[in-house]
Amino acid sequence: KRQLKAGGLEMHLQPKTLIESGAVVAAEALSRWHDPDIGAISPDMFIDLAESTGQIGDVTQFAIQTSCRILSEWSEALPELQLAINISPSLITNRDIVELVRSSTRIWGVAPERLTLEITETALMDHGDASHGVLTAIRDFGCKVSIDDFGTGYSSLAYLKDIPADELKIDRTFVMGMLEDPGDYKIVEHAINIAKSFDLSVVAEGIESKETLDALTRLHCDFAQGYYISKPLPADEFLKFCRDYRG
Ligand code: C2E
Ligand code: MG
Ligand code: MG
(Lines give C-alpha, C1' and ligand atoms only; values in the text may rest on other atoms or scores of the structure.)
(Ligands and ions follow the chains in the order given, each with its own letter.)
Protein backbone atom coordinates (compact mmCIF):
# COMPACT_ATOMS: atom_id res chain seq x y z
CA LYS A 1 0.00 0.00 0.00
CA ARG A 2 1.18 3.52 -0.75
CA GLN A 3 2.29 5.49 2.26
CA LEU A 4 2.75 9.21 2.63
CA LYS A 5 6.48 9.74 2.93
CA ALA A 6 7.74 11.93 5.73
CA GLY A 7 8.94 15.40 4.95
CA GLY A 8 6.61 15.96 2.02
CA LEU A 9 4.05 18.06 3.86
CA GLU A 10 3.84 21.79 3.42
CA MET A 11 1.41 24.35 4.80
CA HIS A 12 -0.28 26.93 2.63
CA LEU A 13 -2.32 29.79 4.04
CA GLN A 14 -5.39 31.36 2.47
CA PRO A 15 -6.38 34.80 3.79
CA LYS A 16 -9.76 35.44 5.33
CA THR A 17 -10.90 39.05 5.51
CA LEU A 18 -13.40 40.91 7.66
CA ILE A 19 -15.87 42.09 5.02
CA GLU A 20 -16.71 45.33 6.84
CA SER A 21 -13.12 46.62 6.78
CA GLY A 22 -11.40 44.41 4.21
CA ALA A 23 -8.66 43.64 6.75
CA VAL A 24 -6.94 40.26 6.70
CA VAL A 25 -7.82 38.96 10.16
CA ALA A 26 -7.31 35.25 9.71
CA ALA A 27 -6.13 32.49 7.41
CA GLU A 28 -7.04 28.89 6.75
CA ALA A 29 -4.16 26.44 7.01
CA LEU A 30 -4.35 24.10 4.01
CA SER A 31 -1.95 21.18 3.80
CA ARG A 32 -0.12 20.26 0.62
CA TRP A 33 1.81 17.09 -0.04
CA HIS A 34 4.70 16.93 -2.47
CA ASP A 35 5.41 13.42 -3.63
CA PRO A 36 8.91 13.09 -5.09
CA ASP A 37 7.54 11.02 -7.99
CA ILE A 38 4.12 12.54 -8.64
CA GLY A 39 4.62 16.14 -7.53
CA ALA A 40 2.04 18.24 -5.68
CA ILE A 41 -1.00 16.29 -4.53
CA SER A 42 -4.20 18.01 -3.47
CA PRO A 43 -5.57 17.36 0.01
CA ASP A 44 -8.76 15.96 -1.48
CA MET A 45 -6.60 13.03 -2.60
CA PHE A 46 -3.99 12.64 0.09
CA ILE A 47 -6.34 13.16 3.04
CA ASP A 48 -8.24 10.05 1.91
CA LEU A 49 -4.95 8.22 1.52
CA ALA A 50 -3.81 9.36 4.96
CA GLU A 51 -7.09 8.12 6.42
CA SER A 52 -6.68 4.69 4.87
CA THR A 53 -3.02 4.30 5.90
CA GLY A 54 -3.67 5.47 9.45
CA GLN A 55 -1.58 8.61 8.95
CA ILE A 56 -4.33 11.19 9.35
CA GLY A 57 -3.23 11.80 12.94
CA ASP A 58 0.25 12.70 11.68
CA VAL A 59 -1.15 15.10 9.07
CA THR A 60 -3.31 16.77 11.73
CA GLN A 61 -0.41 17.00 14.15
CA PHE A 62 1.63 18.64 11.39
CA ALA A 63 -1.17 21.13 10.68
CA ILE A 64 -1.68 22.08 14.34
CA GLN A 65 2.00 22.32 15.21
CA THR A 66 2.90 24.23 12.06
CA SER A 67 0.04 26.67 12.67
CA CYS A 68 1.22 27.28 16.22
CA ARG A 69 4.82 27.72 15.09
CA ILE A 70 3.74 30.24 12.42
CA LEU A 71 1.69 32.27 14.92
CA SER A 72 4.59 32.26 17.34
CA GLU A 73 7.13 33.32 14.70
CA TRP A 74 4.86 36.10 13.48
CA SER A 75 3.92 37.38 16.92
CA GLU A 76 5.41 40.79 16.04
CA ALA A 77 4.47 41.00 12.35
CA LEU A 78 0.87 39.75 12.75
CA PRO A 79 0.01 39.72 16.47
CA GLU A 80 -3.74 39.48 15.89
CA LEU A 81 -3.80 36.85 13.14
CA GLN A 82 -6.07 33.86 13.69
CA LEU A 83 -5.55 30.50 12.01
CA ALA A 84 -8.11 27.86 11.11
CA ILE A 85 -7.17 24.18 10.89
CA ASN A 86 -9.22 21.41 9.26
CA ILE A 87 -9.92 18.42 11.47
CA SER A 88 -10.76 15.09 9.87
CA PRO A 89 -14.12 13.49 10.73
CA SER A 90 -12.34 10.44 12.11
CA LEU A 91 -10.63 12.55 14.78
CA ILE A 92 -13.49 14.52 16.27
CA THR A 93 -14.79 11.82 18.57
CA ASN A 94 -11.45 11.36 20.30
CA ARG A 95 -10.07 13.60 23.04
CA ASP A 96 -6.51 13.18 21.76
CA ILE A 97 -7.18 16.20 19.55
CA VAL A 98 -7.80 18.36 22.62
CA GLU A 99 -4.49 17.22 24.13
CA LEU A 100 -2.68 17.90 20.86
CA VAL A 101 -4.02 21.47 20.72
CA ARG A 102 -3.22 21.97 24.39
CA SER A 103 0.40 20.81 24.08
CA SER A 104 1.07 22.64 20.78
CA THR A 105 -0.26 25.97 22.01
CA ARG A 106 1.72 25.58 25.24
CA ILE A 107 4.98 24.70 23.48
CA TRP A 108 4.72 27.65 21.09
CA GLY A 109 3.21 30.10 23.58
CA VAL A 110 0.13 30.71 21.45
CA ALA A 111 -3.17 31.86 22.96
CA PRO A 112 -5.85 29.20 22.23
CA GLU A 113 -8.21 31.99 21.13
CA ARG A 114 -6.10 32.38 17.99
CA LEU A 115 -6.98 28.90 16.70
CA THR A 116 -10.19 27.76 15.04
CA LEU A 117 -10.85 24.10 14.35
CA GLU A 118 -12.95 23.46 11.25
CA ILE A 119 -15.21 20.39 11.21
CA THR A 120 -17.40 19.59 8.23
CA GLU A 121 -21.15 19.60 8.58
CA THR A 122 -21.18 16.00 7.32
CA ALA A 123 -18.83 14.93 10.12
CA LEU A 124 -21.08 16.63 12.66
CA MET A 125 -24.08 14.80 11.26
CA ASP A 126 -22.33 11.42 11.23
CA HIS A 127 -20.79 11.73 14.69
CA GLY A 128 -23.39 13.95 16.38
CA ASP A 129 -23.44 13.12 20.05
CA ALA A 130 -20.01 11.53 20.11
CA SER A 131 -18.36 14.73 18.91
CA HIS A 132 -20.14 17.13 21.26
CA GLY A 133 -17.94 16.34 24.24
CA VAL A 134 -14.77 16.89 22.23
CA LEU A 135 -16.02 20.12 20.64
CA THR A 136 -17.11 21.41 24.03
CA ALA A 137 -13.67 20.61 25.46
CA ILE A 138 -12.03 22.45 22.55
CA ARG A 139 -14.17 25.52 23.22
CA ASP A 140 -13.67 25.32 26.99
CA PHE A 141 -9.94 25.39 26.31
CA GLY A 142 -10.47 28.62 24.34
CA CYS A 143 -10.29 27.60 20.67
CA LYS A 144 -13.12 28.30 18.26
CA VAL A 145 -15.12 25.72 16.36
CA SER A 146 -16.30 26.27 12.78
CA ILE A 147 -18.84 24.26 10.78
CA ASP A 148 -17.16 23.79 7.38
CA ASP A 149 -18.81 23.08 4.02
CA PHE A 150 -22.20 24.15 5.35
CA GLY A 151 -25.08 23.25 3.07
CA THR A 152 -23.60 20.06 1.64
CA GLY A 153 -24.56 17.72 4.47
CA TYR A 154 -28.16 17.02 3.39
CA SER A 155 -28.80 17.57 7.04
CA SER A 156 -31.78 18.46 9.08
CA LEU A 157 -31.11 21.77 10.75
CA ALA A 158 -31.97 20.33 14.15
CA TYR A 159 -28.31 19.78 15.01
CA LEU A 160 -27.78 23.55 15.09
CA LYS A 161 -29.94 23.84 18.20
CA ASP A 162 -27.19 22.78 20.57
CA ILE A 163 -24.03 22.60 18.50
CA PRO A 164 -20.91 23.79 20.37
CA ALA A 165 -19.72 26.07 17.54
CA ASP A 166 -18.80 29.69 16.85
CA GLU A 167 -18.80 29.98 13.08
CA LEU A 168 -20.49 28.67 9.97
CA LYS A 169 -18.66 28.42 6.63
CA ILE A 170 -20.86 28.35 3.57
CA ASP A 171 -19.60 25.79 1.09
CA ARG A 172 -17.79 27.18 -1.92
CA THR A 173 -20.00 25.32 -4.39
CA PHE A 174 -22.87 27.69 -3.50
CA VAL A 175 -20.77 30.85 -3.31
CA MET A 176 -18.83 30.43 -6.56
CA GLY A 177 -21.86 30.64 -8.82
CA MET A 178 -24.30 32.56 -6.63
CA LEU A 179 -24.66 35.41 -9.12
CA GLU A 180 -25.41 33.08 -12.03
CA ASP A 181 -27.62 30.59 -10.22
CA PRO A 182 -30.59 32.07 -8.33
CA GLY A 183 -30.89 28.83 -6.36
CA ASP A 184 -27.33 29.14 -5.08
CA TYR A 185 -27.96 32.79 -4.22
CA LYS A 186 -30.97 31.83 -2.12
CA ILE A 187 -29.01 29.12 -0.31
CA VAL A 188 -26.24 31.60 0.52
CA GLU A 189 -28.76 34.20 1.67
CA HIS A 190 -30.56 31.72 3.91
CA ALA A 191 -27.31 30.25 5.27
CA ILE A 192 -26.27 33.75 6.36
CA ASN A 193 -29.62 34.27 8.08
CA ILE A 194 -29.46 30.86 9.75
CA ALA A 195 -25.96 31.63 11.07
CA LYS A 196 -27.08 34.99 12.47
CA SER A 197 -30.13 33.55 14.16
CA PHE A 198 -27.96 30.96 15.91
CA ASP A 199 -25.39 33.60 16.93
CA LEU A 200 -22.72 32.11 14.71
CA SER A 201 -20.39 34.30 12.68
CA VAL A 202 -20.54 33.48 8.99
CA VAL A 203 -17.85 33.00 6.35
CA ALA A 204 -18.28 32.68 2.60
CA GLU A 205 -15.52 30.68 0.90
CA GLY A 206 -14.99 30.39 -2.84
CA ILE A 207 -15.36 34.10 -3.65
CA GLU A 208 -13.94 34.44 -7.14
CA SER A 209 -15.09 37.94 -8.18
CA LYS A 210 -15.58 41.46 -6.91
CA GLU A 211 -19.26 41.21 -7.78
CA THR A 212 -19.67 38.19 -5.51
CA LEU A 213 -17.88 39.97 -2.65
CA ASP A 214 -20.14 43.00 -3.16
CA ALA A 215 -23.24 40.80 -3.05
CA LEU A 216 -22.04 39.16 0.18
CA THR A 217 -21.41 42.61 1.67
CA ARG A 218 -25.02 43.53 0.93
CA LEU A 219 -26.16 40.27 2.56
CA HIS A 220 -24.16 41.18 5.72
CA CYS A 221 -21.86 38.20 5.57
CA ASP A 222 -19.07 38.62 8.18
CA PHE A 223 -15.94 37.11 6.59
CA ALA A 224 -14.66 36.47 3.06
CA GLN A 225 -12.31 33.86 1.64
CA GLY A 226 -11.59 33.02 -1.96
CA TYR A 227 -9.39 33.33 -5.02
CA TYR A 228 -10.62 36.91 -5.63
CA ILE A 229 -8.78 37.90 -2.44
CA SER A 230 -6.01 35.33 -2.77
CA LYS A 231 -5.28 31.70 -3.48
CA PRO A 232 -3.69 29.70 -0.66
CA LEU A 233 -0.05 30.85 -0.40
CA PRO A 234 3.19 29.46 1.05
CA ALA A 235 3.89 31.09 4.44
CA ASP A 236 6.50 33.60 3.24
CA GLU A 237 4.25 34.77 0.40
CA PHE A 238 1.32 35.06 2.79
CA LEU A 239 3.35 37.36 5.03
CA LYS A 240 4.21 39.51 2.00
CA PHE A 241 0.57 39.51 0.94
CA CYS A 242 -0.51 40.84 4.35
CA ARG A 243 2.04 43.65 4.15
CA ASP A 244 0.89 44.79 0.72
CA TYR A 245 -2.84 44.07 0.75
CA ARG A 246 -5.27 46.94 0.90
CA GLY A 247 -8.78 45.47 1.07
P1 C2E B 1 -11.95 23.23 2.78
O2 C2E B 1 -11.65 23.14 4.23
O3 C2E B 1 -13.35 23.51 2.39
O4 C2E B 1 -10.95 24.31 2.19
C5 C2E B 1 -11.24 25.23 1.20
C6 C2E B 1 -10.83 24.75 -0.16
O7 C2E B 1 -11.39 25.65 -1.13
C8 C2E B 1 -9.32 24.78 -0.41
O9 C2E B 1 -9.00 23.70 -1.27
C10 C2E B 1 -9.14 26.10 -1.16
O11 C2E B 1 -7.98 26.14 -1.94
C12 C2E B 1 -10.38 26.12 -2.00
N13 C2E B 1 -10.77 27.46 -2.41
C14 C2E B 1 -10.67 28.59 -1.69
N15 C2E B 1 -11.12 29.66 -2.37
C16 C2E B 1 -11.53 29.19 -3.57
C17 C2E B 1 -12.11 29.83 -4.74
O18 C2E B 1 -12.33 31.03 -4.79
N19 C2E B 1 -12.41 29.02 -5.77
C20 C2E B 1 -12.19 27.67 -5.74
N21 C2E B 1 -12.51 26.97 -6.82
N22 C2E B 1 -11.64 27.04 -4.67
C23 C2E B 1 -11.32 27.80 -3.60
P24 C2E B 1 -7.80 22.72 -0.96
O25 C2E B 1 -6.63 23.47 -0.40
O26 C2E B 1 -7.59 21.89 -2.18
O27 C2E B 1 -8.37 21.80 0.21
C28 C2E B 1 -9.44 20.92 -0.02
C29 C2E B 1 -9.91 20.30 1.26
O30 C2E B 1 -8.94 19.44 1.86
C31 C2E B 1 -10.22 21.34 2.32
O32 C2E B 1 -11.51 21.85 2.07
C33 C2E B 1 -10.12 20.54 3.59
O34 C2E B 1 -11.34 19.90 3.89
C35 C2E B 1 -9.09 19.47 3.25
N36 C2E B 1 -7.82 19.79 3.91
C37 C2E B 1 -6.85 20.65 3.57
N38 C2E B 1 -5.81 20.63 4.45
C39 C2E B 1 -6.17 19.72 5.40
C40 C2E B 1 -5.53 19.25 6.62
O41 C2E B 1 -4.43 19.66 7.03
N42 C2E B 1 -6.22 18.30 7.34
C43 C2E B 1 -7.44 17.83 6.94
N44 C2E B 1 -8.04 16.92 7.71
N45 C2E B 1 -8.06 18.27 5.83
C46 C2E B 1 -7.43 19.19 5.06
MG1 MG C 1 -11.87 24.24 5.79
MG1 MG D 1 -15.01 24.35 3.06
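Keep in mind it's a predicted model, so treat the numbers as computed, not measured. In listed order, ligands and their atoms are each counted from 1.
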With heavy atoms of [X] as the reference, note each atom of ligand 1 found under 4.0 Å away.
X	result
E208	17 (C), 18 (O), 19 (N), 20 (C), 21 (N)
Q14	10 (C), 14 (C), 15 (N)
E205	3 (O), 5 (C)
S88	44 (N)
I207	18 (O)

Going by heavy atoms, is E28 under 4.0 Å from ligand 1?
-> yes

Can G206 be said to touch ligand 1, with heavy atoms closer than 4.0 Å?
-> yes

Nearest heavy-atom neighbours spanning [X] and [Y]:
X	Y	answer
C143	V101	SG-CG1, 3.5 Å
T136	P164	OG1-CG, 3.6 Å
L18	V25	N-CG2, 3.9 Å
P15	V24	CB-CG1, 3.9 Å
D222	V202	OD2-N, 2.9 Å

Residue pair [X] / [Y], side-chain heavy-atom distance below 4.5 Å:
X	Y	result
Q65	I107	no
L78	F238	yes
K169	E118	yes

[atom] - nearest protein heavy atom and its distance:
atom	answer
atom 11 (O) of ligand 1	P232 CG, 3.3 Å
atom 29 (C) of ligand 1	D44 OD1, 3.5 Å
atom 38 (N) of ligand 1	S31 N, 3.1 Å
atom 37 (C) of ligand 1	P43 CB, 3.5 Å
atom 13 (N) of ligand 1	Y227 CE2, 3.8 Å

Please state which part of [X] comes within less than 4.0 Å of ligand 1, counting heavy atoms only: side chain, backbone, both or neither.
X	value
K231	neither
M176	side chain
H12	neither

Distance flag for atom 26 (O) of ligand 1, protein heavy atom under 4.0 Å = yes

So, is [X] polar-close to ligand 1, with some N/O to N/O distance under 3.5 Å?
X	result
D148	yes
Q225	no
R172	yes
D149	yes

Kindly confirm whether the Mg ion (ligand 3) is within less than 2.8 Å of some N/O/S atom in E205?
-> yes

Presence of N, O or S from T120 under 2.8 Å of the Mg ion (ligand 2) | no

Ionic contact status for K210 with D214, cut-off 4.0 Å = yes

Would E99 and R95 pass as an ion pair if we require N to O under 4.0 Å?
-> no

Looking only at side-chain N and O atoms, does [Y] offer a donor or acceptor that is under 3.5 Å from a partner on [X]?
X	Y	answer
E167	T116	no
E10	H12	yes
D44	S42	no

Given the options R32, Q225, E28, P232 meets side chain to side chain contact (heavy atoms under 4.5 Å, CB included) only with R32

Between the candidates L30, N86, T173, which shows the shortest non-hydrogen contact distance to atom 42 (N) of ligand 1?
-> N86

The option among I47, I87, L9 carrying the non-hydrogen atom nearest to atom 45 (N) of ligand 1 is I47

Using only N, O or S atoms, tell me which atom of E118 is closest to the Mg ion (ligand 2).
-> OE1

Which single N/O/S atom of E28 lies at minimum distance from the Mg ion (ligand 2)?
-> OE2

Could you grab the angle centred on the Mg ion (ligand 3), going from OD1 in D148 to OD1 in D149, to 10°?
-> 90°

More than 12 foreign heavy atoms under 6.0 Å from CG of D129: is that the case here?
-> no

Assess whether atom CD of E113 is packed by more than 12 heavy atoms of other residues, nucleotides or ligands within 6.0 Å.
-> yes

